Amino acid sequence: MIRRTLSSYLADRFGRTVLAAFAFVFALIYAVDLVEMLRRSGDAPRATAPVMAALSFLRTPAFAEQALPFAVLFGSMIAFLNLSRKMELVVARAAGVSVWQILTPPLLVVLAVGVLSVVAYNPASTWMKQRSDAIENSVFGGKSNSWGDLWIRQKSVDGQAIVHARSKDADGTRLSGVEVFNFDDKGNYLERVDAGSGELREGYWELRDAKIVTPGLETVPVSTYLLATNLNQKEVAQAFLTPESVSFWGLPALADQTARAGLNPTVYRLRYQELLARPLTLAAMVLVAACFSLRFFRMGGVEVMVSGGVAMGFVLYVATKVINDLGEAGFISAPVAGWSPGLVGCLFGVYVLLRQEDG
């Protein structure tokens with residue numbers, strides 16, 4: 001009975017602290033994004049302050065989702081330090097409660113948070129991000145190019161081609177600043193086509209104001225250039241979707257459709273594995289926080305331990321980004337890239353805690 005009461009108390013304290021940390025991060029991101037949106041609204045007559053506030057609110061959940069592991073890390077450290085500062089940790093240890101019994105309720109809470117963030121929060125944040133993109137295009141006008149230049153690889157009866165564009169419309173069927181690199185069936189480079197704009201038709205791209213640049217020959221300007229394609233409007237629109245703008249439930253189908261269209265589905269499969277591994281990643285953050293926070297205040301050195309926890313969280317974040325880049329480049333498989341950061345973080349935390357607890 002006492003152990004159950006203690007577990008409930010620890011779970012409640014930990015859950016409240018982690019949610020408070022995430023709420024703080026959410027509010028901070030919202031404030032920064034709102035300032036940026038207000039700065040951009042100077043030349044747009046439809047960009048009023050209420051519209052910008054609503055737009056920033058729709059954009060914030062997607063950004064806050066990326067910061068969730070850090071919110072769990074800092075929330076866990078604050079929760080453990082509060083337990084130590086109020087001597088509750090000392091009383092629990094004196095009563096014979098081991099560190100693993102102390103960590104079990106927080107781990108169960110964070111696993112539940114991880115599952116809910118994947119199956120419920122992620123779909124909601126992606127839907128809000130799509131709505132914010134539509135509103136942003138309507139308010140500011142122009143072409144959509146929120147994540148850099150656009151690239152798509154295709155296959156057709158004429159061979160292979162890489163299409164590069166500076167910007168696109170909402171559905172991706174109208175491009176501006178187009179470059180096309182044509183290859184034959186064996187992968188040999190044939191020519192480059194530069195065009196001011198392009199539009200997807202039924203079975204081909206129509207490029208306007210084009211110049212054909214062939215090695216060893218003079219540049220040939222043409223008013224219209226037709227490029228065969230095996231892609232339809234839906235496949236082209238999906239090819240320009242960032243993985244972060246697709247919900248957890250839609251990623252497997254999108255990856256399969258992208259592969260059938262002859263495009264590279266690695267980024268979508270990697271994103272799916274990252275979401276599946278999120279509960280494990282959050283558990284790793286709790287274990288890392290415990291390594292540097294379950295120290296009695298009377299023993300001193302708390303500032304150094306907290307700094308070490310922050311540094312370790314940063315190292316884990318950088319390692320995760322490097323592994324993800326390797327996964328996107330195809331050097332390691334998507335499951336390995338998605339699960340290895342959380343697994344390594346958990347193993348590190350368990351190892352350090354075993355050394356501290358059992359010597």
Side-chain angles (χ1 to χ4, degrees), residues 11-33 56-80 103 105-130 132 242-251 267 270-293 309-324 327 337-346 348-349:
D12 180 71
R13 286 286 302 273
F14 182 84
R16 289 175 181 271
T17 307
V18 169
L19 290 178
F22 181 73
F24 174 79
V25 171
F26 190 98
L28 181 62
I29 294 175
Y30 175 76
V32 173
D33 188 72
S56 292
F57 180 77
L58 291 174
R59 287 161 50 93
T60 301
F63 297 123
E65 184 179 12
Q66 302 178 29
L68 178 59
F70 284 101
V72 171
L73 174 66
F74 293 127
S76 301
M77 295 180 68
I78 293 171
F80 292 143
L103 287 177
L107 287 174
L108 292 177
V109 169
V110 82
L111 288 175
V113 169
V115 172
L116 289 176
S117 71
V118 172
V119 302
Y121 182 89
N122 175 262
S125 67
T126 54
W127 180 84
M128 295 174 71
K129 183 64 168 61
Q130 293 169 3
S132 71
T242 59
E244 291 76 14
S245 64
V246 184
S247 74
F248 169 77
W249 303 108
L251 282 170
V267 291
L270 176 59
R271 174 63 175 171
Y272 184 67
Q273 294 297 328
E274 289 176 354
L275 291 176
L276 285 177
R278 176 174 292 171
L280 182 66
T281 302
L282 299 185
M285 290 298 179
V286 174
L287 291 173
V288 169
C291 294
F292 297 93
S293 303
V310 174
M312 185 60 197
F314 178 76
V315 169
L316 187 59
Y317 171 78
V318 173
T320 301
K321 297 299 292 183
V322 171
I323 293 174
N324 288 347
W339 288 85
S340 56
L343 181 60
V344 171
C346 287
F348 170 82

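Hydrogens, waters and symmetry mates play no part in the numbers below; they use all other heavy atoms, side chains included. Because the structure is a prediction, the values reported are computed rather than measured.
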Nearest heavy-atom neighbours spanning [X] and [Y]:
{"X": "A290", "Y": "L103", "value": "CB-CD2, 3.6 Å"}
{"X": "G114", "Y": "R278", "value": "O-CD, 4.3 Å"}
{"X": "P279", "Y": "L111", "value": "O-CD2, 3.5 Å"}
{"X": "I29", "Y": "A64", "value": "CD1-CA, 3.7 Å"}
{"X": "Q130", "Y": "S245", "value": "NE2-O, 2.8 Å"}
{"X": "V109", "Y": "A11", "value": "CG2-CB, 3.7 Å"}

Could you state the interatomic distance from [atom1] ([X]) to [atom2] ([Y]), rounded to the nearest 0.5 Å?
{"X": "T281", "Y": "L343", "atom1": "OG1", "atom2": "CG", "value": "10.0 Å"}
{"X": "S125", "Y": "L58", "atom1": "OG", "atom2": "CG", "value": "11.5 Å"}
{"X": "M77", "Y": "T17", "atom1": "CE", "atom2": "OG1", "value": "13.0 Å"}
{"X": "L73", "Y": "F292", "atom1": "CG", "atom2": "CZ", "value": "9.5 Å"}
{"X": "Q273", "Y": "S340", "atom1": "CD", "atom2": "OG", "value": "11.0 Å"}
{"X": "I78", "Y": "R13", "atom1": "CD1", "atom2": "CZ", "value": "11.5 Å"}

Give a yes or no on whether the backbone of P61 and the side-chain of Y121 come within a donor-acceptor separation of less than 3.5 Å.
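Yes.
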One pair to check against side-chain contact (heavy atoms from CB on, under 4.5 Å): T320 and E274. What are the steps and the verdict?
CA-CA 10 Å; T320 301; E274 289 176 354; 5.9 Å; no
Beyond-backbone contact of [X] with [Y], side-chain heavy atoms, under 4.5 angstrom:
{"X": "V286", "Y": "F14", "answer": "yes"}
{"X": "F63", "Y": "D33", "answer": "yes"}
{"X": "V18", "Y": "V110", "answer": "no"}
{"X": "L276", "Y": "V118", "answer": "no"}

For F26, does the CZ atom sit with more than 12 other heavy atoms under 6.0 Å from it, leaving out its own atoms?
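Yes, CZ of F26 has more than 12 neighbouring heavy atoms, counting only those of other groups under 6.0 Å.
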Does the side-chain contact (heavy atoms from CB on, under 4.5 Å) test come out yes or no for L275 and E65, once each step is laid out?
CA-CA 11 Å; L275 291 176; E65 184 179 12; 4.2 Å; yes
